[in-house]
2 protein chains.
Amino acid sequence: MRIPRANSREKILAAAADVAREAGPGSLSLDAVASRAGVSKGGLLYNFPTKAKLMQGLVESYLSDFQKALEARAIEAGHEGVLSAYIKLSADDCERPKPSASWMFSAIAEDPDFLTPIKAFKRQLFERLKGETDDLGSLLVCFLAIEGMRSMNLFDSDVLSEDERRLLVSSLLKIAG
Amino acid sequence: MRIPRANSREKILAAAADVAREAGPGSLSLDAVASRAGVSKGGLLYNFPTKAKLMQGLVESYLSDFQKALEARAIEAGHEGVLSAYIKLSADDCERPKPSASWMFSAIAEDPDFLTPIKAFKRQLFERLKGETDDLGSLLVCFLAIEGMRSMNLFDSDVLSEDERRLLVSSLLKIAG
DNA sequence: TTGACAAGACCGTCCAGCCGGTACAGTAAA
DNA sequence: TTTACTGTACCGGCTGGACGGTCTTGTCAA
């Protein structure tokens, strides 16, 4: 019954994200992921020898997806600059009602150091944005506001209404110029 | 050996926060909290019958501390308005090198619904700020930027340098002013 | 072309350990 | 006597992980 040559890694990663989102970050167990992915626990452990490796895989795929999406937007936006691309990308990400990265809480519970690559990525992005503008103050406000928007989405927070979010995004785009 | 009439509840709450901060949110077990608080497990369960009650206690004390601090700042700041008070309070909170609310991740792992009171509080705060300004766009940017700052601190993120944080705060105060 | 065989991908079971929670007898201050 | 614990002993469930077996695919000599 086993399908040969299936790309199990991606299937497992997606399953892990699904489990964390739907059952809560505290319920991200290997058993749950395996059954969700349609894979035995042994098979899961074959692809990711430890839970830590699974988390690491989640972080890496998150980061590479993000980078790819950002690059695509940056090309698409062209002269408007990377900051605008980042704003729009984040706005779209936050449009989705359900947070797609609840697994991050599981990763933090496992070991807070899993966030290190994400922090490094953000710092790198910030440096890149710094080279694009001469008003550091505005950039900081913009960058942090996006961060706030993303964190609210992560926490599944409905503090802002849709209208408010739209207004926020347009205000940010105005600041970004 | 028991100190009479000690306020164990607060001691336990503080111990729980300490454990989460120092050993990581995934290591917040009842045993760890009890031993950290210098209390037996029986004593801990006497004060908080379940782990969920402990989390709830953490959230409630966090919220009441926050509200008290904000009120104090608001009176202190006087005519400058609540938004300025909120900015300054958050800036000071984020000055502290170690995040004081890692327990929040433990709470989310336990049950994401523990955040509901916090979301409600934030919404309430936002409504209050809305009544103070006529430029909703600027308020949104400010509010979200603060949110971003707080979340970065929560994630123990050193993405921003001290200088950058200072510049951010002054930019925010300028927008708010 | 075929057959042997190693490597790759995965299954299913088992286990030791930890965690939340219970139970209960004792104790010292108020 | 009541309140507020201490301390110990215990339990059942779940979890991460180890392990041995199984099926599949690729390779290569005969």
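Naming convention: chains lettered A, B, ... in sequence-line order (proteins, then strands); numbering from 1 in each chain. All values below were derived from every heavy atom in this structure, side-chain atoms included, with hydrogens, water molecules and symmetry-related copies excluded.
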Starting at [atom1] of [X] and ending at [atom2] of [N], how long is that distance when rounded to a whole Å?
{"X": "B:Asn7", "N": "C:dA30", "atom1": "CG", "atom2": "P", "answer": "15 Å"}
{"X": "B:Lys53", "N": "C:dG20", "atom1": "NZ", "atom2": "C1'", "answer": "16 Å"}
{"X": "B:Asp111", "N": "C:dG20", "atom1": "CG", "atom2": "P", "answer": "15 Å"}
{"X": "B:Phe48", "N": "C:dG20", "atom1": "CZ", "atom2": "P", "answer": "15 Å"}
{"X": "B:Glu10", "N": "D:dC5", "atom1": "CD", "atom2": "C1'", "answer": "17 Å"}
{"X": "A:Arg9", "N": "C:dA9", "atom1": "CZ", "atom2": "C1'", "answer": "13 Å"}
{"X": "B:Glu110", "N": "C:dG20", "atom1": "CD", "atom2": "C1'", "answer": "9 Å"}
{"X": "B:Lys11", "N": "D:dA4", "atom1": "NZ", "atom2": "P", "answer": "14 Å"}

| message | C:dC10, OP1 or OP2 - any side-chain N/O from A:Asn47 closer than 4.0 Å? | response |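 Answer yes for this pair, as a side-chain N or O of A:Asn47 is under 4.0 Å from OP1 or OP2.
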| query | Would you say D:dA4 has OP1 or OP2 under 4.0 Å from some side-chain N or O of B:Tyr46? | reply | yes
Return the set of residues passing salt bridge (Lys or Arg N to Asp or Glu O under 4.0 Å) with [X] (not counting sequence neighbours), or none when no residue passes.
{"X": "B:Asp92", "answer": "B:Arg73"}
{"X": "A:Asp65", "answer": "none"}
{"X": "B:Glu76", "answer": "none"}
{"X": "A:Asp163", "answer": "A:Arg166"}

| task | Fit a plane to each ring of B:Phe121 and B:Phe66, take the angle between them on a 0 to 90° scale, and name the class: parallel (under 30°), tilted (30 to 60°) or perpendicular (over 60°). | result |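 Correct class here is perpendicular.
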| field | A:Phe126 ring center within less than 6.0 Å of A:Tyr86 ring center | value |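 No, ring centres 6.0 Å or more apart.
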| request: With sequence neighbours left out, write down each residue that passes ring pair (Phe, Tyr, Trp, His ring centres under 6.0 Å) with A:Phe114, or none if nothing qualifies. | output: none
| request: Could you tell me whether the side chain of A:Lys41 has a donor or acceptor atom within less than 3.5 Å of a complementary atom in the base of D:dG16? | output: yes
| message | At a heavy-atom distance below 4.0 Å, what parts of residues 15-37 of chain B sit against DNA chain C? | response |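 Here the set is B:Leu28, B:Ser29, B:Leu30.
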| task | For A:Leu44, answer base if it contacts any base atom (sugar-phosphate contacts may also be present), sugar-phosphate if it contacts only those atoms, and nothing otherwise; contact means non-hydrogen atoms under 4.0 Å. | result | nothing
